[in-house]
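Chain letters run A, B, ... following the sequence lines, proteins first and then strands; every chain starts at 1.
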Number of protein chains: 2
Amino acid sequence: MDTGDVFDPECPTRVVLDRIGDKWSVLVLLSLDGGPMRFTELRGRIGGVTPKVLTQTLRSMEQDGLLTREVFAEVPPRVEYTLTDLGRSLHGPLSVVAGWAERNVHEILRCREKFS
Amino acid sequence: MDTGDVFDPECPTRVVLDRIGDKWSVLVLLSLDGGPMRFTELRGRIGGVTPKVLTQTLRSMEQDGLLTREVFAEVPPRVEYTLTDLGRSLHGPLSVVAGWAERNVHEILRCREKFS
DNA sequence: CCTGCACAGTATCCATCGGATACTGGTTAC
DNA sequence: GTAACCAGTATCCGATGGATACTGTGCAGG
């Protein structure tokens, strides 16, 4: 099976990198790993995201097959977002990166100060 | 040692996620893992990057302590970019993500088509 | 002499995108 | 009747990314 090449601008792997690279996509995916969540739950969990951007993020991730969107005909309305297998398979790689970020944030901030 | 929390918008871990999330930063870091490179080499290796954006990327990564920039007083000018220990420590996490991207690009494209 | 090339970038312009703020619509509980 | 709940839209603006073109230094070749 042939795989993509991230260094080739013609390779669609680039679009995958864009999605993965999106800060909000990463946070949505990490959040949903604990199980399905509703729109407002996600908004609460992921501090600082605006509804418009969250909607865009969720729609893109749905298109890419990372999650599913299920609407329940209830009142008040309920919409649940659930990771697909593909989405779950991305959790491992991303949590490795998130862990690195959490461990190294101090070091990076120290470096930045030296430049100011 | 306390670590950051990626879900807190006040936590500086967010800025780290932004950097990591940047497509070009990822590609620069993966490229430099093979050893120091010059500006033009990087441009060649990383298809599709414009010089302006590459410069911005390199300057940011330098500020964050991920790489060093060394200017040699030669003719023609030579500038070498080298990963720091911090930068090298990020290679593992990122290559895991890049590997995922290369392996799953087909699946994602298939999902996209179903939405068109 | 002076033209051209190598290298490492700047300069300029424009389209797109992210983010802030405000608003919608159906239902039901008070 | 009016306020709240939920899941979003609508609108506007500044920042950012990308395309294209240009700069400056110094040597090598004709």
> Got a sec? Which of residues 31-53 of chain A come in under 4.0 Å of DNA chain D, heavy atoms?
Replying inline: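 Residues of residues 31-53 of chain A under 4.0 Å from DNA chain D: R38(A), F39(A), T40(A), P51(A), K52(A).
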> Do any of residues 58-70 of chain B sit with a heavy atom less than 4.0 Å from DNA chain D, and if so which?
Replying inline: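 Within this stretch, nothing sits under 4.0 Å of the strand.
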Show me the donor-acceptor pairs within less than 3.5 Å that the side chains of residues 51-62 of chain B make with the rest of the protein, sequence neighbours left out.
{"unit_1": "T55(B)", "atom_1": "OG1", "unit_2": "P51(B)", "atom_2": "O", "d": "2.9"}
{"unit_1": "T57(B)", "atom_1": "OG1", "unit_2": "V53(B)", "atom_2": "O", "d": "2.8"}
{"unit_1": "S60(B)", "atom_1": "OG", "unit_2": "Q56(B)", "atom_2": "O", "d": "3.0"}

> Any link between L30(A) and V49(A) through a network of hydrophobic side chains (Ile, Leu, Val, Met, Phe, Trp, Tyr) touching at under 4.5 Å?
Replying inline: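 Yes, because L30(A) and V49(A) connect within a single hydrophobic cluster, where side-chain heavy atoms sit under 4.5 Å apart.
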>> Starting from V96(B), can I reach V16(B) by hopping between I/L/V/M/F/W/Y residues whose side chains sit under 4.5 Å apart?
In response: no
Only counting residues at least two apart or in another chain, list the ones meeting side chain to side chain donor-acceptor pair (under 3.5 Å) with [X].
{"X": "S89(A)", "value": "W100(B)"}
{"X": "W24(A)", "value": "none"}
{"X": "Q63(B)", "value": "none"}

>> Distance check needed: dA7(D) P versus Y81(A) OH, whole Å only.
In response: 8 Å
Side chain proximity check, [X] to [Y], heavy atoms < 4.5 angstrom:
{"X": "L67(A)", "Y": "T82(A)", "result": "no"}
{"X": "D64(A)", "Y": "C111(B)", "result": "no"}
{"X": "T68(A)", "Y": "Y81(A)", "result": "no"}

>> I'd like to know if the side chain of N104(B) reaches the main chain of E107(B), judged simply by a donor and an acceptor atom lying under 3.5 Å from each other, with no hydrogens or angles considered.
In response: no
> With sequence neighbours excluded, what pairs up with D18(A) under the side-chain contact (heavy atoms from CB on, under 4.5 Å) test?
Replying inline: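 Once residues adjacent in sequence are excluded, the partners of D18(A) under the side-chain contact (heavy atoms from CB on, under 4.5 Å) criterion are K23(B).
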> What salt bridge (charged side-chain N to carboxylate O under 4.0 Å, His left out) pairs are there with at least one residue in residues 73-90 of chain A, not counting sequence neighbours?
Replying inline: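 Of all non-adjacent pairs touching residues 73-90 of chain A, those that pass salt bridge (charged side-chain N to carboxylate O under 4.0 Å, His left out) are E74(A)-R78(A), R78(A)-E80(A), D85(A)-R88(A).
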Protein-nucleotides 24-30 of chain D N/O pairs closer than 3.5 Å?
none

>> What range of DNA chain C does chain A touch, first nucleotide to last, counting atoms under 4.0 Å from its heavy atoms?
In response: dG18(C) to dT28(C)
> When all nucleic acid strands are considered with a 4.0 Å heavy-atom cut-off, which category describes F72(A): base, sugar-phosphate, or nothing?
Replying inline: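 F72(A): no heavy atom of the nucleic acid under 4.0 Å.
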What donor-acceptor contacts under 3.5 angstrom involve side-chain atoms of residues 31-38 of chain A, with partners at least two apart or in another chain?
{"unit_1": "S31(A)", "atom_1": "OG", "unit_2": "L27(A)", "atom_2": "O", "d": "2.8"}
{"unit_1": "D33(A)", "atom_1": "OD2", "unit_2": "H91(A)", "atom_2": "NE2", "d": "3.4"}
{"unit_1": "R38(A)", "atom_1": "NH2", "unit_2": "P77(A)", "atom_2": "O", "d": "3.2"}

> Nearest heavy-atom pair of T13(B) and A101(A): which atoms, and what distance?
Replying inline: CG2-CB, 3.8 Å
> Taking all atoms of both residues into account, what is the closest heavy-atom pair of R19(A) and L66(A), and its distance?
Replying inline: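 What the structure gives for the nearest pair is CD-CD1, 3.8 Å.
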>> Below 4.0 angstrom, which residues in residues 18-26 of chain A have at least one non-hydrogen atom near DNA chain C?
In response: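 Under 4.0 Å from DNA chain C: K23(A), W24(A).
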